[in-house]
Amino acid sequence: MQSEQTDVLVIGAGPAGTVAAALVNKAGFKVKIVEKLKFPRFVIGESLLPRCMESLEEAGLLNKVLEQGFQRKTGAKFVRDGVVCDYSFADQFTKGWDHAYQVTRADFDKALADGVQEQGVEVEYETEVKAIDFKEDGSSVTTVADATGNTKQIAARFIIDGSGYGRVIPRLFGLDKPSNLPPRKAVFVHIKDVKRHMDDEPDRITIVVHKPDVWVWVIPFSTGVTSVGFVGTPSFFDKYTGTLEEQMRGLIADEPYVAQRMEGVEFLWEPKVLQSWSTTTQTFYGKGFILTGNVTEFLDPVFSSGVTLATVSSQLAGNLVIRHLKGENVDWHKEYTEVMMQGVNTFRSYVNGWYDTTLHTIFFAKDQDSNIKRKICSVLAGYVWDLENDYVKYHDTALRKLAKTIHLRDSISYINNGFK
Ligand code: FAD
């Protein structure tokens with residue numbers, strides 16, 4: 001069987017794989033990416049966060065992204081029963097990027113993969129990892145197969161697994177663990193957005209509360225196309241029957257905020273369905289490998305955290321792998337798992353707060369405190385490692401305390417106004 005040798009083998013050419021590969025390559029090590037599919041390929045995850053831009057910049061991939069002319073994203077708008085709560089990243093508490101982009105992922109991921117290739121990383125498409133044999137010292141031999149089923153072996157000093165929903169290492173070594181989030185389902189499509197409102201869009205995404213535990217994303221692209229998706233409990237979708245197009249048209253017709261704009265518009269492809277995406281793993285690293293991006297844990301799409309967690313984990317992992325290859329001591333648990341869990345758990349509190357409606361109370365409250373709003377805005381911008389921000393540091397309690405204060409204030413005002 002044919003065999004090759006590299007310093008670092010990266011599995012997957014998504015945002016996680018490409019950011020990690022770029023950094024390790026920049027440090028002078030030989031890096032190879034194997035990617036199961038041919039690019040461009042479809043993947044969901046179209047709204048980026050400002051923190052993600054820092055990782056792309058450090059990986060030297062920012063210009064490649066900017067060249068694509070993606071829609072600039074300056075904030076996020078939440079809507080419930082006609083009440084709007086607008087977050088502008090320019091107002092955020094943490095010092096950082098004040099914008100990100102709304103991207104068609106096929107083009108974004110292709111730009112990143114082309115970018116690392118131009119930097120000198122070999123990217124081999126239609127090459128799927130089938131098996132990995134780790135040696136005592138952490139080095140490994142990976143068996144890959146091409147589209148015609150031909151196999152070969154790649155020896156590597158270290159593996160970075162950025163295989164996303166493919167979950168290569170957790171699957172091969174039985175590391176998968178169920179997430180503590182309940183299963184959810186999404187139905188989504190791209191539309192020709194001929195009735196787009198130009199006054200407050202397209203420079204932000206909109207999240208519409210359809211029911212307390214069902215919401216809609218509206219992500220406009222620079223091309224005049226818009227992504228729209230419904231997310232909720234799987235049982236919520238049961239009453240929508242017929243073809244996927246009929247189900248999607250039924251969903252749109254039932255949500256007044258999107259109905260006016262999207263009823264009868266052209267769908268660019270048959271709506272897609274995804275469900276039960278939250279899975280985690282028993283460990284984020286092992287002798288000779290590290291997991292980055294979705295393989296570690298994907299929570300929920302509501303705050304667009306996926307690509308940001310993918311690129312930040314790869315930025316961190318890439319730099320730790322460089323130190324390891326240089327013979328330095330790395331405390332993987334402290335320097336990787338604990339850091340990543342700080343960010344993941346902050347987002348987890350916000351996701352839970354969204355579905356138990358604590359965040360609805362906060363977002364749609366009257367007379368919001370602008371300092372608090374700036375701090376919550378930083379979380380929505382992906383700055384979930386800024387412990388100067390008490391809405392990051394005390395993520396598990398701060399939101400509930402704030403919602404309680406709002407309820408109390410509303411009750412007092414109700415009494416003072418003679419129960420009106
Ligand atoms: P991926 O982008 O999945 O890339 C992994 C790559 O690995 C793929 O190209 C795959 O082909 C390859 N691969 C898999 N198996 C193998 C194998 N055996 N051998 C070789 N290659 C392999 N995130 C956001 O940031 N914003 C959003 O608005 C957003 N919306 C979402 C909506 C929904 C409904 C869902 C479910 C997710 C959403 N996400 C969003 C999350 C986003 O999809 C992921 O977090 C993101 O794609 C993770 O990037 P990644 O690089 O880890 O994995």
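Counting convention: from 1, in listed order, for ligands and their atoms alike.
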Asks: Please work out which of Gly12, Ala16, Ser305 has its closest non-hydrogen atom nearest to atom 51 (O) of ligand 1.
Replies: Ala16
Asks: When you compare the side chains of Thr243 and Gln247, does any donor N or O come within less than 3.5 Å of an acceptor on the partner?
Replies: no
Asks: Just to check, does Leu48 reach to within less than 4.0 Å of ligand 1 when the distance is taken from its heavy atoms?
Replies: no
Asks: Around atom CG of Asp81, are there more than 12 heavy atoms from other residues, nucleotides or ligands closer than 6.0 Å?
Replies: no
Asks: I need the atoms of ligand 1 closer than 4.0 Å to a non-hydrogen atom of Gly166, numbered in the order shown.
Replies: 14 (C), 15 (N)
Asks: Counting only heavy atoms closer than 4.0 Å, does ligand 1 sit against the backbone of Ile11, its side chain, both, or neither?
Replies: side chain
Asks: Can you tell me the protein heavy atom closest to atom 17 (C) of ligand 1 and the distance?
Replies: Val168 CG2, 3.6 Å
Asks: Within 45° of the ring axis of Tyr355 and under 6.0 Å from its six-membered ring centre, is that where the NZ or CZ of Arg184 lies?
Replies: yes
Asks: Classify the side-chain pair Asp107/Thr104 by whether it contains a donor and acceptor separated by less than 3.5 Å.
Replies: yes
Asks: Of the protein's non-hydrogen atoms, which lies at the shortest distance from atom 53 (O) of ligand 1, and what is that distance?
Replies: Gly164 CA, 3.4 Å
Asks: Is there a polar contact, in the sense of an N or O pair closer than 3.5 Å, between Tyr165 and ligand 1?
Replies: yes
Asks: For atom 19 (N) of ligand 1, what is the nearest protein heavy atom, given as residue, atom name and distance?
Replies: Val129 N, 3.0 Å
Asks: Less than 3.5 Å apart, any donor N or O on the side chain of Ser227 or Trp217 sitting next to an acceptor on the other?
Replies: yes
Asks: To which protein heavy atom is atom 14 (C) of ligand 1 closest, and what is the distance rounded to 0.1 Å?
Replies: Ser163 O, 3.3 Å
Asks: Is any side-chain heavy atom of Thr337 closer than 4.5 Å to one of Trp332?
Replies: no
Asks: Could you find the nearest protein heavy atom to atom 32 (C) of ligand 1 and give me its residue, atom name and distance?
Replies: Pro301 CB, 3.3 Å
Asks: What residue and atom, counting heavy atoms only, is the protein's closest point to atom 52 (O) of ligand 1, and at what distance?
Replies: Asn294 N, 2.9 Å
Asks: Side chain or backbone of Ala310 under 4.0 Å from ligand 1, or both, or neither, by non-hydrogen atoms?
Replies: side chain
Asks: For the residue pair Tyr165 and Asn294, establish whether any side-chain heavy-atom pair is separated by less than 4.5 Å.
Replies: yes
Asks: Which ligand 1 atoms, with their elements, are less than 4.0 angstrom from a heavy-atom of Gly293?
Replies: 52 (O)
Asks: I'd like the name of whichever of Lys130, Lys272, Lys36 reaches closest to atom 22 (C) of ligand 1 through any heavy atom.
Replies: Lys36
Asks: Does ligand 1 have an atom that lies less than 4.0 angstrom from a heavy atom of Arg167?
Replies: no
Asks: Quick one: nearest non-hydrogen protein atom to atom 41 (C) of ligand 1, plus distance?
Replies: Phe298 CE1, 3.3 Å
Asks: Tell me which one of Val8, Thr292, Val10 satisfies side-chain contact (heavy atoms from CB on, under 4.5 Å) with Val321.
Replies: Val8
Asks: Given Glu46, which of Arg105, Lys73, His190 fulfils the side chain to side chain donor-acceptor pair (under 3.5 Å) condition?
Replies: His190
Asks: Side chain, backbone, both or neither: which part of Val144 has a heavy atom under 4.0 Å from ligand 1?
Replies: neither
Asks: For ligand 1 and Ser47, I'd like to know whether there is a polar contact (N/O to N/O, distance under 3.5 Å).
Replies: yes
Asks: Output the list of atoms in ligand 1 that are nearer than 4.0 Å to some heavy atom of Leu37, sorted by atom number.
Replies: 11 (O)
Asks: Judged on heavy-atom distance to atom 11 (O) of ligand 1, which of Arg171, Arg105, Glu35, Gln275 sits nearest?
Replies: Glu35
Asks: Test side chain to side chain contact (heavy atoms under 4.5 Å, CB included) on Ile362 and Ile406; report intermediate values, then the result.
Replies: CA-CA 7 Å; Ile362 295 168; Ile406 292 168; 4.1 Å; yes
Asks: With heavy atoms of Val34 as the reference, note each atom of ligand 1 found under 4.0 Å away.
Replies: 20 (C), 21 (N)
Asks: If you have a sec, work out which protein heavy atom is nearest atom 27 (C) of ligand 1 and how many Å separate them, to one decimal?
Replies: Gly45 CA, 3.4 Å
Asks: Take Lys152 and Glu124 through the side chain to side chain contact (heavy atoms under 4.5 Å, CB included) test and state the conclusion after the steps.
Replies: CA-CA 12 Å; Lys152 69 174 173 187; Glu124 205 168 297; 2.8 Å; yes
Asks: Check each heavy atom of Ala186 against ligand 1 and say whether those closer than 4.0 Å belong to the side chain, the backbone, both or neither.
Replies: side chain
Asks: Will you find, in the side chains of Asn319 and Glu58, an N or O donor that is under 3.5 Å from an N or O acceptor?
Replies: yes
Asks: If we check side-chain contact (heavy atoms from CB on, under 4.5 Å) with Tyr383, which of these qualifies: Lys95, Gln92, Glu388?
Replies: Gln92
Asks: Are Ser378 and Thr94 close enough that a side-chain donor and a side-chain acceptor fall under 3.5 Å?
Replies: yes
Asks: Given Phe29 and Lys326, is the side chain to side chain contact (heavy atoms under 4.5 Å, CB included) satisfied, shown in steps?
Replies: CA-CA 10 Å; Phe29 295 100; Lys326 286 182 175 166; 4.0 Å; yes
Asks: Out of Ile44, Ile33, Leu291, whose heavy atom is nearest to atom 43 (O) of ligand 1?
Replies: Ile44
Asks: Answer with yes or no whether Arg41 contacts ligand 1, where contact means a heavy atom under 4.0 Å from a ligand atom.
Replies: yes
Asks: Give the ring-plane orientation class for Phe39 versus Tyr125, where under 30° counts as parallel, over 60° as perpendicular and anything between as tilted.
Replies: tilted
Asks: Under a 4.0 angstrom heavy-atom cut-off, which atoms of ligand 1 come close to Gly162?
Replies: 5 (C), 6 (C), 7 (O)
Asks: Closer than 4.0 angstrom: is that true for some heavy atom of Leu49 and an atom of ligand 1?
Replies: no
